[in-house]
Amino acid sequence: MAVKPLMEKVDGIFIEGQEIEASETKSLYNPAKVDEQVGEITVGDASHVKQAVEAAERSWKDWRNKPIEDRARHLVEISDYIEANLNELCHLLVLEHGKTLEEAAIDLKAAVGTLRYYAGLTNVMDEKTVENHQGTMVLTRHSLGVVSIIVPWNFPIILAFLMLAPSLLAGNTVVIKPPSFVPLTLTKILKHFARQLPEGVLNIVTGSGSTVGKEMVEHPKVRKVAFTGSTDTGRTIMAGASKTIKKLSMELGGNDAAIFLKDKPITEDLIQNAILSTFTACGQICYSIKRIYVHRDNYETFVKKYTEAASKLVVGSGLDSKVDMGPINNKPQYESVQDLIERTKQTEAVIKEVGTFAEGVGKADGYFILPTIVTNVNNSDPIVQEEQFGPVIPIMPFDSEEEVVELVNDSEFGLANSVWTSDEDHGFELGRKLESGSVFINTHRLGASAANMPFGGFKQSGIGRGHGVEAVHEHTELQARILRKDM
Ligand code: NAD
């Protein structure tokens, strides 16, 4: 059945229970068919952010004083809305993002699971009393006040709710900025959510990072910025937030390594798992495999089988069920991946473009890049050191575990890594030596880190931990009330 493209017009500014008009709008185009308009969205400015922060500040007292069970109930309500409208939301997400229907469903369903997980954590703010020879200490978690939440385009739904759910549950009120690329589906969901919350608890301002984002970072009444996005933007945000000493949570870029140890047989299953862990969402996942290290004894076999499997990938529109991989989402990211490929061509690397386009799809129709496998590379080459965020993957041999640990840790990033081995205990031991917030054993696929598993980066991959109880605690101030009996 041919699916009719839809033109979605979204008023993206929603403050204190009201839709706010804006004079400017931004048109959004299908990255798989760049001349096809998908929708448009209003663009806000700094004055909208000021209005939104004031509204959030006003509603904070009532919201924080509600029983946590009441706040949790709202999380369940919005999860029900997403689930009930899954097909329609998936369709729009594919059109504006380019990912496949299956990948869009993962983005939305993971948000549903995350909301329900946090709704179950109603004891997360419980007070703790410590009695000992010093006397009595009562530890209390307080909400922070107004939190700014800034969302990236790659998995906008789950990434928004991974920040929003713990923040609201903790009793904060929020100003949220959907990404400039891929804002439509998320804004639709957020507006529905904002309507069922008390006025001012959730305020939405769409617009650019340099105007809307900047004001959200610098406004003195904002107590915390929760940000998911690139390390470069993270740096700018840290500088802006420093003026008023805001709390920061930062989930930033990654350059994840996968280590295939000598004892791991190179089976079809292993290769399929590795392919999915690399090319899902066209490589545009913060934690997907971005460099591969294979023990030299297995290197040739691995490269051969991996290349054969990648050659079978079909590239095209995410709405076509025969397609395995969609396009890059937007022009700047497309140009950045192309630039990295061009720079790699200037090294001694061997670059192999594989895979095919779906019937009727031309390379120039969208921001398409075929799966690209790079061998004969040095660890210091840009294709190994930089985050590609696209379907280009370097594969390197190693001789010893000591050597591969050094190679993997030789990076300013430290988001996630994986160890593939027949000896799971040994995988855990080797994982301890890797400098990353997560280490996966025998997988690296989307979803490997679930909502209840602390997630975040070592080094320049981030500050703080998202997911789990830790994410709620990061949206609180810890107060100690103390009665000393020993002095
Ligand atoms: P980006 O940094 O370009 O943009 C992210 C958000 O920040 C957008 O909403 C953007 O409008 C906003 N922004 C841009 N400039 C700003 C400024 N000066 N002040 C305030 N806000 C500003 O990132 P992206 O291209 O949307 O996402 C891709 C990057 O995000 C990759 O590096 C990826 O690894 C990273 N990422 C990390 C995680 C994680 O959990 N660690 C998850 C997803 C994506």
Side-chain angles (χ1 to χ4, degrees), residues 12 26 41 43-44 46 49 97 107 110 114 148-163 175-183 186-187 190 204-219 222 225-243 246 248-256 281-290 328-337 340 386-390 411-416 436-438 446 448-449 451 453-467 471:
K26 179 182 179 183
I41 193 146
V43 175
V49 177
H97 188 285
D107 196 352
T114 294
S148 283
I149 295 182
I150 301 177
V151 186
W153 51 262
N154 64 323
F155 271 77
I157 318 300
I158 174 61
L159 294 171
F161 283 103
L162 277 168
M163 296 184 278
V175 178
I176 189 166
K177 188 185 99 53
S180 314
F181 301 108
V182 202
L186 176 62
T187 307
L190 289 174
I204 309 156
V205 186
T206 42
S208 78
S210 54
T211 53
V212 170
K214 184 172 187 290
E215 183 63 25
M216 287 171 70
V217 167
E218 294 185 0
H219 195 295
V222 170
V225 180
F227 170 71
T228 305
S230 65
T231 298
D232 277 347
T233 306
R235 260 187 276 280
T236 310
I237 289 178
M238 274 185 88
S242 70
K243 291 174 199 154
K246 295 188 196 323
L248 291 172
S249 289
M250 301 222 157
E251 300 282 354
L252 306 178
N255 189 12
D256 296 10
C282 200
Q284 302 167 109
I285 303 178
C286 55
Y287 73 90
S288 57
I289 298 179
K290 292 173 183 160
I328 294 285
N329 171 255
N330 58 73
K331 196 164 181 230
Q333 186 57 32
Y334 175 75
E335 289 174 348
S336 156
V337 181
L340 188 52
E386 294 177 23
E387 181 188 35
Q388 61 273 57
F389 225 56
S411 169
E412 280 305 309
F413 294 103
L415 195 59
S436 57
S438 306
L446 181 60
S449 175
M453 302 172 182
F455 182 77
F458 281 21
K459 300 188 266 189
Q460 294 195 36
S461 281
I463 297 176
R465 289 295 174 268
H467 304 200

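Start at 1 and go down the list; that is how both ligands and their atoms are numbered.
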List ligand 1 atoms under 4.0 Å from F227, heavy atoms only on the residue side. 2 (O), 5 (C), 6 (C), 7 (O)
Heavy-atom pairs closer than 4.0 Å: do any link ligand 1 to the side chain of Q333, the backbone, both, or neither? neither
Please verify the inter-ring angle class for W153 with F389; under 30° counts as parallel, over 60° as perpendicular, anything in between as tilted. perpendicular
With only distance considered, is E387 within less than 3.5 Å of ligand 1 through an N or O on each side? yes
Please list, in number order, the atoms of ligand 1 under 4.0 Å from a heavy atom of S180. 11 (O)
What are the atoms of ligand 1, with element, lying closer than 4.0 Å to any heavy atom of N154? 43 (C), 44 (C)
At a 4.0 Å cut-off, with the gap strictly under it, does some heavy atom of G254 reach an atom of ligand 1? yes
Ligand 1 versus F181: contacting region, heavy-atom distance under 4.0 Å: neither
With a cut-off of 4.0 Å, which atoms of ligand 1 are near a heavy atom of L159? 42 (C), 43 (C)
Short list, please: which atoms of ligand 1 are under 4.0 Å from a heavy atom of T228? 5 (C), 37 (C), 38 (C), 39 (C), 40 (O), 42 (C), 43 (C)
Is the gap between the ring centers of F458 and F413 under 6.0 Å? no
Does L415 approach ligand 1 within less than 4.0 angstrom via side chain, backbone, both or neither, non-hydrogen atoms only? side chain
Taking 4.0 Å as the limit for heavy-atom contacts, which would you say applies to F389 with ligand 1: side chain only, backbone only, both, or neither? side chain
Contacting atoms of ligand 1, where contact means under 4.0 angstrom from a heavy atom of I150: 6 (C), 7 (O), 9 (O), 12 (C), 20 (C), 21 (N)
Within the supplied structure, the quantity of interest is the number of heavy atoms (other residues, nucleotides, ligands) at a distance under 6.0 Å from K26 NZ; does it exceed 12? yes
Only heavy atoms of V151, strictly under 4.0 Å: list the atoms of ligand 1 that pass. 6 (C), 8 (C), 9 (O)
Side-chain touch M216/V225, heavy atoms, less than 4.5 angstrom: no
Any N or O of S210 closer than 3.5 Å to N or O of ligand 1: no
Quick one: look at I237 and ligand 1, take heavy-atom pairs under 4.0 Å, and tell me if it's side chain, backbone, both or neither. side chain
Backbone, side chain, both or neither: what part of F455 comes under 4.0 angstrom of ligand 1, heavy atoms only? side chain
Examine ligand 1 and decide if any of its atoms is less than 4.0 Å from a heavy atom belonging to F155. no
Heavy-atom contacts with G213 under 4.0 Å: which atoms of ligand 1 show up? List them by number with element. 19 (N), 20 (C), 21 (N)
Consider ligand 1: state whether an atom of it lies below 4.0 angstrom from any non-hydrogen atom of P179. yes
